[in-house]
Each structure stands twice: as C-alpha cells, then as structure tokens.
Amino acid sequence: MTSTPSHDRAIERYNAKDAEPRWQQAWDAARLFETRNDDPRPKYYVLEMFPYPSGRIHVGHVRNYAMGDVVARYKRARGFNVLHPMGWDAFGLPAENAAMERKVNPREWTYANIATMKKQLQSMGLSLDWSREIATCDPDYYRHQQRLFLDFLDKGLVTRRTAKVNWDPVDHTVLANEQVIDGRGWRSGALVEQRELTQWFFRISDFAEDLLSALDGLDRWPEKVRVMQKNWIGRSEGLEVRFSLTSAPAGVDDAVTVFTTRPDTLFGARFLAIAADHPLAATLAADRPDLQIFIEECRRLGTAQAAIDTAEKLGFDTGLTVRHPLDASWTLPVYVANFVLMEYGTGAVFGCPAHDQRDLDFAIKYDLGVTEVYRPAPAQDPTPEIFEKLKESFEKNPHVSLSYIDKYGYLNEDYIDFFRITSRAFEIGGNEKYTTDNSLTKEIEEFGQLKEDFIRILQKVKEHERDGEFLYTNPIPGCPRYVTSIKEAIEAAISECENRKVGKRKIQFRLRDWGVSRQRYWGCPIPIIHCDACGPVPVPVADLPVKLPDDVSFDVPGNPLERDHAWRNVPCPRCGAAARRETDTMDTFVDSSWYYARFTAPWLQDAPTDRGAVDHWLAVDQYIGGVEHAILHLLYSRFFMRAMRETGWSGVSEPFAGLFTQGMVVHETYKDAAGAWVPPAEIRLDNEGGTRRAFHVGTGAEIAIGPIEKMSKSKKNVVDPDDIIASYGADTARWFVLSDSPPERDVIWTEEGVQGAARFVQRIWRLVNLAAVTDGQTRAADAPLRKAAHKALASVEEDVERLRFNRCVAHVYTLANALDEALRTGATRTIAGEAAGILVQLIAPMMPHLAEECWQALGRDGLVADAPWPQVERALLVEDEITLPVQINGRKRADVTVPSGADKAVVEAAVLADEAVLRALEGRSPKKVIVVPGRIVNLVV
RNA sequence: GCGGACGUGGCGGAACCGGUAGACGCACGAGACUUAAAAUCUUGCGGCCGCAAGGCCGUGCGGGUUCGACUCCCGCCGUCCGCACCA
C-alpha cells in the first residue's frame, strides 16, 4: 500500500520558537558541552575567532559560529573529547568612544553588550562550553597577561626604546605598522603622523626566521594566508656593503652602509641615495636650511601615499661623494632622496640605473649617467637549414647534437620543441606529456638511466628557461664574463666584498618589532612603575593585577589614566621613592594573542596557563575566522606561543594547526527614488515572470535594486540575526548560511534562500514523522533507500572533514528526496525509520534543535547531540550493476549496463552487442576500444 | 608593478587523480488540490533544430596535448583579493 506524504495524516508544523529553547535547556541540563581536561578520549579543539562585544551579533557571526558548531558537534559524535569554548575580545576603543559620546562607563557598556550577545549566541543553539567563558577585560584574565608581559621582559622578549611611531591624531594613540593601512589608521581612517615616543616593543623580529620557515609546516592553512604572512615577514638575502665617504664632515660616520639584494650590479652604481630620516641627512641639515626644507617636504609626502605611482622621484645633492667599494678610483655622489625608506634595510641604497627602473628615472632626472652590467645573450634563431640539420643529426646520434649546442650557444623554444619531438621518436618519453618545465624535471627523474649527455642537455634547457643567459659586460672580479645564472654572479660579488672586508652577507627582514604601547584607558595596563632613580621597574608579581581604575571621566580628550593621580602615583617597588605607573595600556591584539591557550584552563588563579592542559589541547585543531586577520592576529599569536614557550608557559609553538577563513555574508542594496538607502526589512520583492523588482512595504513605491555588497550600516543592507531567529528559528538561519555557497566564499543573503531553508525544515519534520508511522509493505522500495542513506552518510562524513558544508547540504537534500520517494512507493517502517534516523543524525550538526525534535518523534532514546555517529555500511556503497556511458570518438552515443566487477573483455563484448552502439557505428568496426573500468567506454573508429 | 584566487544555465553552485558537464538548491513556467490564497504535491527548465526518436552547439577567448579536456600545457581577455617607492 502506498501513502502520499502530505495528505493522509495531519502533521503539525514544526514550531521552532517552542522547540529551540526547550532543547537548549535539555543540553544545558545534561551539561553536554562542558568539557573535562581529564577525559580519556582523543581531544579535538575547535575554535572560532572570539567576538568583540560591540553590542549585537551580526550574520557574519552566525555563519562563523555555525561552521564551528558543525565541526564541534560532528567530532563529538565521532567520539572525540571536543573543546569548543567562547569568550570576548573585550578591550578596545569603541567602549571609550561610547563613554565619551554617551557618558557611560566603558566597563558597564562592555559587560552589558556581553550579556546581550551571549543571549543571542545561546539562542543559536551552539554547542559551547560556557563554563570556560572568558572576557579579556576581566582582571582575572589580564592579570595573567601582565604576568606574561613581565616574564617576556625578563627573558628579553620585551624592550623599551624611543621610536618613531605611527600616531593617530583622531584616536590619540600609537598604531602598529600592521594597523596603518595606506597611511591611515585602521580604525579611525585618519592620516597617521610620525612621532618620536618611548614605547614598549615585543621583539617579534627575533623570531622572523622561525615564523617564516614554520609556515611550511602549516599545511592545513590556506595558501593565501601563508603567502600573506610570508610577504609580511619579507625575508631577503643580500649584501650589506660600506661606501666610504671621500671627506666626512665632523660628527658622522666615515662611511654609508647600504643593503642590496643585487650586489652583482655593484659596477652599475652611479649614485648613493639616503632616506630623509637618515642620521647623515639630519647632521648635514643642521647647517643647511635648504636641505632642512627638502627633508620636511619628504616627510610630508612620505606617508600621504596619495599616489606613490605618480609621485615624482626627488633628490637633493648633498655634495658629498663616496668611493666604490670594489674600485676606490670611482666616486659616486650622495643624494637625499624621497623614495628611500628609513624603515627598511639601512635607509640607504646605491642606484644602478641600468637595471632598475626607479634608479633610471632618478639618474635621468639628475643626469647621473648609466653604466650597463648585463646584456642579454644575443638571440639567434636557428635557420630552417640548421634546424633540419640538428634534427637529422640527433636522430642519427644524440651525442652529435651536443656539439651544436656548444657551437651555437643558444637554446630557444624551437629547440626545446625539437627535443620533445626527438625524445618521443626515441620512445624515451612513452606516453608522458611534455610540458615545458615540469615534464623536463620529470623526465630527468624518471629516466635516470638516460645517457649523461642527454640529461646535461635537458638541464641546460631548464637553466635557460629559468634565468636566461647573460653577457656580463662589466663583471665583478672572480665572476665569469658569461653567466647563465644571476645567482652565480651575486654569490661571486658577495664573496669578493667579504674578502675585501668592505661588506658582509646579510639577511634582511621586513618584519619590524611589535610596538604594543597604547595611550588609551580601556586596555590591559602595562605592569611597570617609573622611578626617577631606578628607571622603569616591573610591578612585583605578587602585586598583580594592576587593575584599571573604575571612576574615570572622558570629559577631556586623551588618556584618563594620565590624569588619575591617585592611581598613577605609587612608590617605587625597588627603592620606595615616589614613582609613577606606566599609563600606557597594551594593544588589544595582545589580548587575543593567547586567549585560546587560556581556554585550556581558565579557572587557574595563580598562573596564565597549566602546562599539562596547554600541551594537551594545543594546537587548536580547527580555527575558523575572517581572512582580515590573516596577518595581524594570526602572526601575533604565532609569536606569542613562541614567547610563551621561551618563558615556560607552553610546550608548543604553533597555536593553530588547521585554519579556515570563511567568506562574508553579503546582501543586495536598495535605494529609493530620492537616492536614500532602504533596509531589507522595508522591502517587498516581486519576481513575477522572472523579473526581480523591489517595492517599499509602506509606500508601495518601486525601489531600485543595487549591487550586492558587504553588509554595512551605511548602506543599510543589514539583516539582524535576532529577527531571523524570531521569525524562522535558529536552525533555518544556520542551514541557510551553510547551504548556498562554498564556505570560503561570500554568501549572498536572500529572503528567498531563507524561505527555502525554512521550507526544508518543515519538509524534514514531515518526512521523519511519516517515516515513524508509515505502514508501507513494498520491500523493493527498501533497498534503494538504505543505499541512499548510507551513501549520504559517507558523503557527509567526507565533506564535513573538509569543511565543505554546502556539499553536505546537497547530500542531505538528496537523501531527503530518496526518503520521500521511498515513502511514496511504500518502503517498510523499519527501513524508513532507519533511514530517517540517519537523515536526522546528518542534519544534527547543522540543525541541532530540529534534529532533537525528530529524534524524539522517531522514538529514539536520549539526545541526538549525545548519540554516536552511525556506522557506514560500505557494502551498500558498491553497486551490483553499473551503467557505463559509451562514447564513439569522444561523443556519448549509448549506455550499457554490466555487472560492476566485469572485466574489460566482458564490457567490450556487451558494448559491441548493444543495439544503440551498432546503430551509431553504422557498420563501421572500431579501430580501438578503450575501456576504463567503472567509468566509461570509448570506441575509436 | 609584484603575488594569489577565480571565470560553468536566469541565479548560488556541483563535477574526485583527465572519463556521461550542469548534482543539490533558488527563481521561473505548466498542472493538481482549494471558493480563494498560502502551504503541499506532480512536472518542465543550458541554447538551437525536431511531433518524436534523435541531432548539432555549449564550461571567458585563441591554440595545443589526448581515444577522451571545465579539469593538463602555451598565449590572451576579464573579475576579485592582498602587498606595494622593500633597495
């Protein structure tokens, strides 16, 4: 007997509003997500980047946490002891801005936001261990950060020095290099000024080499992020070389040191250029008003960036000259130039106009001349006669062609092609493809038995392709006149300079130390007391935390800590004399650099971490967050783990073994006739006849649909998760953000999409309820259903592991369709119930509340959130029969069905007996039959 | 300028290691149920030709390798992202 899913039984609609809080309470009551450190099961640490408590969560958070929750719930079902904590990145400027604008206390404002957002997150039904919740603004958190600071200081990982810093005139604070984007503050957008201040620095550059090389081991990080960090660290190898001044003015070094990655072009040097901030420039400017003016101008233009491309290269001739390090008879003029950066290398460069566009521009402008060092080897195309000769001779005897290479000294594309042809002719390549570079390498690897000569030719081809060939017109001593590799020349130049003691090999990094001092109130106080006699003295560990004062006012701009004399004036811990607290607080990126480690034992009172817990849980197995933190947060955290290792607080050095950067949630924009932005909540969409139109709900006026953009308050294209959860439920919202796009790409939030998700929630509910009571008797319907269930199960497993949630969603739909079909064709209750159970478990990580409700409807015991993951029956995944497409000359002409294990001969016979095949062959007999077992058959006629 | 990613129906996307292009969803069309609507169900849905069977074309463009190319190679075009006077 058959039943129609929708009609024969009245099933109440699934009521998310009622069910969701009920199941959230059930999970809480069972303390399901509280994780114990001593649990013997294998650990799995899944973490999403913790939010800043700005006020309310946004859909971006929903997407981020939904993804993390899928992983957490799945891994839990797979038998892992999962750590999935949540906290608050709670220090930062918005709290102070709110204090100034609304006269609220930053602490109260922050904690109120935390309360709101926590409620919102809880309404999403996330499997979080709230017992480990931390807020970085809590003294119980930042006291340990102060301890780490002191320990780092003790180990020499923190220094204090005067430095030119990026000053944000709007936020009244210093910014790290990483926080200056296009010369503007990352938060305020104000043009950054340069100021000279005494600052605390974390010596991240001490770890530059390790931070760089360890990137290779982070194979579960996106390539993109690794490349960005690699570029940011910016390692370059080269030479530091001294150009001695012909006559040094009093009070300056008698030489200018220059860093170069191209010492092989030293003999192309025509001038020396130093930065406007170079000490030599400063000294000279003391009694040179015109130079002083020039330097001022450079500074003004310096960070303005407006259009560095169009900015003219400007120089100022100091009148000084230097001697060439390799030939004292050469002298070169010294310029102050606006394109030289004091922050990189030594703040001085030598200009080689022949081989650098920028140097050439400068040399032309100031008439400094050009000396050529390299000239490309002359291109000699082989005449057809020569080519034929080569070919012929190779065919006769591969060795002969060597003499041609020696004789003509060139290798060009034709020649390379020639080798491909000839090598195939000799059947040394077999079926292998010949591509330019890889295959040549492969060739060398695979055919190691080839005659040495041949290998030599191939290698020479490769070198040619990589470096070109150059004639060294003005060679460095000890370097051949003719080079195939620039590297060779560079090496020669470095050894020559080292031999003559005018320079030394140098590895230069772009990465600078991390300045952490911030002239702000709402941050972690730096635990230092300044004493006139003793200098900066660390606060004794016993006196921690240095707590922020609570009663502060923001009536005047600037840092209220500086005005709080009661807080500020304290005796020196060393000598007891009157002293002052450090009033700077730490960059908030410090707070987020180790919170994931604190989560492993957040209850500890006396220490930042417990070594056992940290070493057990770290590295985080799966970290998920926005790509905007690719450099700042992720690099700082990597530094922090290393610093904590040095100070004994951790035994690991990489915090995040797996990293995933999810895309944004974007939305259409809407503009009314007056050009004002209209929020989606006020829009009614009409899709009549496939044409999308938007109307205002209130006025009915047509609204223009604009481009899809990142959700922003200014364009009002924002949807509030609370509204979505209120009208559709958390599961619908979670399902939608996981469903439409691959997780690393942006997802477009659409009303239609959300409604589709909501419909599916009801459909699952209906199907599961029908499966629970179906009285079907058609055994034939059972087998395909079981097969479909286990196929979906296997596919979801694979795709969750690879975080391809959009594909998981598709597999679930496919199983739902199969269950629907099976119910309609009368599958038995046992099998329908089993399949429905699998379906429920598959959706459980994504739509946990609905899954519980369904689990109950199926009469299963306990909570699905606590149920072990079902076992795939591999036998069901194997088909008995398989339908193979048959191609004739690469075009599909027929299908044949054969037993799945059939060997080639059987398949071939079946194909050649097939009617459709015979018809398509039109009496021709195939020249060749290609059978790819289990895949395809192709007949060549 | 340097580096990276991407380009597939009306839309989001799928297609494993080179083996039936368009899974799954959204939107849309036709139909059923309904007084009606919603919900639900059935069905169609890359383009062109055809009543149909079927055929031809089709994964940004142009070439190539292969029995066979969205996938590999060469050369273009376009979009997005990151870095950018880095010596």
Side-chain angles (χ1 to χ4, degrees), chain A residues 4-7 13 182 222-228 230-232 234 236 238 258-262 265 273 302 305 308-309 311 313 337-341 343-352 356-359 361-362 413 420 431 433-439 508-510 627 630-631 687-692 736 739-742 744-748 750 752-757 759-760 762-763 766 798 804 806-814 816-817 820 824 883-895 919 926-930 932 934-941:
Chain A
T4 313
S6 54
H7 298 299
R13 286 176 66 78
D182 287 341
E223 179 64 17
K224 179 192 167 105
V225 174
R226 289 194 295 182
V227 167
M228 281 167 73
K230 191 175 165 202
N231 292 341
W232 188 264
S236 38
V258 160
F259 174 72
T260 177
T261 54
R262 290 296 304 275
T265 63
Q305 292 276 343
I308 265 168
D309 293 341
K313 311 288 176 252
N338 65 346
F339 62 84
V340 182
L341 305 171
E343 298 80 51
Y344 187 78
T346 61
V349 299
F350 78 81
C352 174
D356 184 288
Q357 187 58 46
R358 186 193 56 201
D359 292 347
D361 296 346
F362 194 81
E413 271 193 84
R420 290 196 193 117
N431 284 332
K433 285 176 198 166
Y434 287 76
T435 58
T436 40
D437 209 301
N438 293 340
S439 72
Q508 181 71 41
F509 290 95
R510 203 187 83 117
V627 73
I631 296 173
N687 218 343
E688 192 66 34
T691 318
R692 236 177 122 71
F736 174 71
S739 66
D740 244 22
S741 296
E744 69 279 7
R745 264 191 245 176
D746 291 351
V747 64
I748 306 166
T750 63
E752 295 93 330
V754 179
Q755 280 169 7
R759 272 201 302 274
F760 188 62
Q762 295 301 336
R763 186 163 172 235
R766 237 176 12 250
E798 191 191 328
R804 300 196 292 196
N806 57 320
R807 288 174 39 130
C808 294
V809 165
H811 302 314
V812 168
Y813 272 111
T814 306
N817 290 343
D820 202 337
R824 205 172 310 119
T883 301
L884 294 178
V886 181
Q887 295 183 334
I888 293 172
N889 289 339
R891 285 165 192 275
K892 195 202 156 194
R893 290 296 136 129
D895 288 304
R919 202 182 329 128
K927 286 192 199 110
K928 199 171 169 189
V929 180
I930 295 145
V932 184
R935 285 284 188 192
I936 203 167
V937 180
N938 195 9
L939 306 180
V940 186
V941 294

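A, B, ... follow the sequence lines: proteins, then strands. Residue 1 opens every chain.
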For the pair made of CD1 in A:I631 and P in B:G82, what is the distance, rounded to whole Å?
10 Å

Expressed in angstrom and rounded to an integer, what is the separation of A:F736 atom CZ from B:G25 atom C1'?
10 Å

Nearest to the side chain of A:R759 - B:A23, B:C41, B:U40?
B:U40

C1' atom, B:G12 versus B:A30: distance in rounded Å?
25 Å

Mind calculating the distance between CD (A:Q755) and P (B:U40) to the nearest angstrom?
10 Å

For A:V349, report the nucleic acid contact type (base, sugar-phosphate, nothing); a contact means any heavy atom under 4.0 Å.
base

Could you work out the separation of B:U20 and B:G68 based on their P atoms and round it to a whole Å?
15 Å

Quick one: list whatever passes salt bridge (Lys or Arg N to Asp or Glu O under 4.0 Å) with A:R226, sequence neighbours left out.
A:E223

Euclidean distance for P, B:G7 against B:A14 (whole angstrom):
9 Å

Which whole number of Å gives the distance between the C1' atom of B:C70 and that of B:G60?
12 Å

Give the rounded distance in Å between these two atoms: CZ of A:F339 and C1' of B:G1.
16 Å

Is there a Watson-Crick or G-U wobble partner for B:C56 with both distances under 3.5 Å, and if so, which one is it?
B:G47

Looking for any heavy atom pair under 4.0 Å, which part of the strands does A:Y344 touch: base, sugar-phosphate only, or nothing?
base

Would you mind telling me which residue lines up with the more 5' stretch of RNA chain B, A:R510 or A:R935, judged by nearest nucleotide?
A:R935

Could you list the protein-to-nucleotides 8-12 of chain B atom pairs, N/O on both sides, closer than 3.5 Å?
unit_1: B:G12; atom_1: O2'; unit_2: A:D740; atom_2: O; d: 3.1
unit_1: B:G12; atom_1: O2'; unit_2: A:S741; atom_2: OG; d: 3.0

Closest nucleotide among B:A87, B:G25, B:C85 to the A:K313 side chain:
B:C85

Give the C-alpha distance, both sets of side-chain angles, the deciding distance and a yes or no for salt bridge (Lys or Arg N to Asp or Glu O under 4.0 Å) between A:R692 and A:E752.
CA-CA 12 Å; A:R692 236 177 122 71; A:E752 295 93 330; 2.5 Å; yes

Expressed in whole Å, how much space separates the C1' atoms belonging to B:G46 and B:A27?
15 Å

For A:F339 and A:F362, take the angle between the two ring planes, folded into 0 to 90°, and tell me which bin it lands in: parallel under 30, tilted 30 to 60, perpendicular over 60.
perpendicular

Quantified in whole Å, what is the C1' atom distance between nucleotide B:G64 and nucleotide B:G18?
15 Å

When the P atoms of B:A23 and B:C16 are compared, how many Å lie between them, rounded to an integer?
15 Å

Considering every strand shown, what is the Watson-Crick or G-U wobble mate of B:C70 when both distances are under 3.5 Å?
none

Could you tell me whether the phosphate oxygens of B:A14, OP1 or OP2, come under 4.0 Å of any side-chain nitrogen or oxygen in A:R804?
no

In whole angstroms, how far is the P atom of B:A87 from the CZ atom of A:F350?
12 Å

Give one of base, sugar-phosphate or nothing for A:N817, where a contact means two heavy atoms less than 4.0 Å apart.
sugar-phosphate

A:N938 vs A:R891, test: side chain to side chain donor-acceptor pair (under 3.5 Å). Steps then yes/no.
CA-CA 8 Å; A:N938 195 9; A:R891 285 165 192 275; over 6 Å; no

Sugar-phosphate only, base, or nothing, as touched by A:V340 at under 4.0 Å among non-hydrogen atoms
base

Expressed as a whole number of angstroms, how long is the span from A:Q887:CD to B:U66:C1'?
12 Å

Could you give the NE2-to-C1' distance, from A:H811 to B:G13, as a whole number of Å?
13 Å

So A:E752, base contact, sugar-phosphate only, or nothing? Heavy-atom distance under 4.0 Å.
sugar-phosphate

Nearest-Å distance once atom P is located in both B:U71 and B:C2:
26 Å

Partner of B:G1 under the Watson-Crick or G-U wobble criteria, both distances under 3.5 Å, comes out as B:C83

From the set B:C56, B:G19, B:C41, return the single nucleotide nearest to any side-chain atom of A:R891.
B:C56

Rounded to the nearest angstrom, tell me the gap between atom CG in A:N338 and atom P in B:A87.
17 Å

Quick one: label A:R893 by what it contacts on the DNA or RNA (base, sugar-phosphate, nothing), any heavy atom closer than 4.0 Å.
sugar-phosphate

How do A:E798 and A:A757 order along RNA chain B: which one's closest nucleotide is nearer the 5' end?
A:E798

Nucleotide nearest A:I936 when distance is taken to its side chain, options B:G82, B:G19, B:U40:
B:G19

Nucleotide opposite B:C11 in a Watson-Crick or G-U pair, distances under 3.5 Å:
B:G25

What string of B, S and - do you get for nucleotides 42-54 of chain B, 5' to 3', when a contact is any protein heavy atom under 4.0 Å?
S------------

Kindly say if A:N231 contacts the phosphate of B:C2, meaning a side-chain N or O under 4.0 Å from OP1 or OP2.
no

Since syn is defined as within 90° of 0, does B:G9 count as syn or as anti?
syn

Sugar-phosphate only, base, or nothing, as touched by A:V227 at under 4.0 Å among non-hydrogen atoms
sugar-phosphate

Glycosidic class, syn or anti, of B:C17 using a 90° window around 0:
syn

Return the nearest nucleotide to the side chain of A:R766; candidates are B:G25, B:U40, B:A87.
B:U40

As an exercise, state the distance from CD1 of A:I936 to CG of A:D895, rounded to the nearest 0.5 Å.
10.0 Å

Base paired to B:C6 (Watson-Crick or G-U; both N/O distances under 3.5 angstrom)
B:G78

At 4.0 Å (heavy atoms only), tell me whether A:N938 reaches a base, stays on the sugar-phosphate, or touches nothing.
base

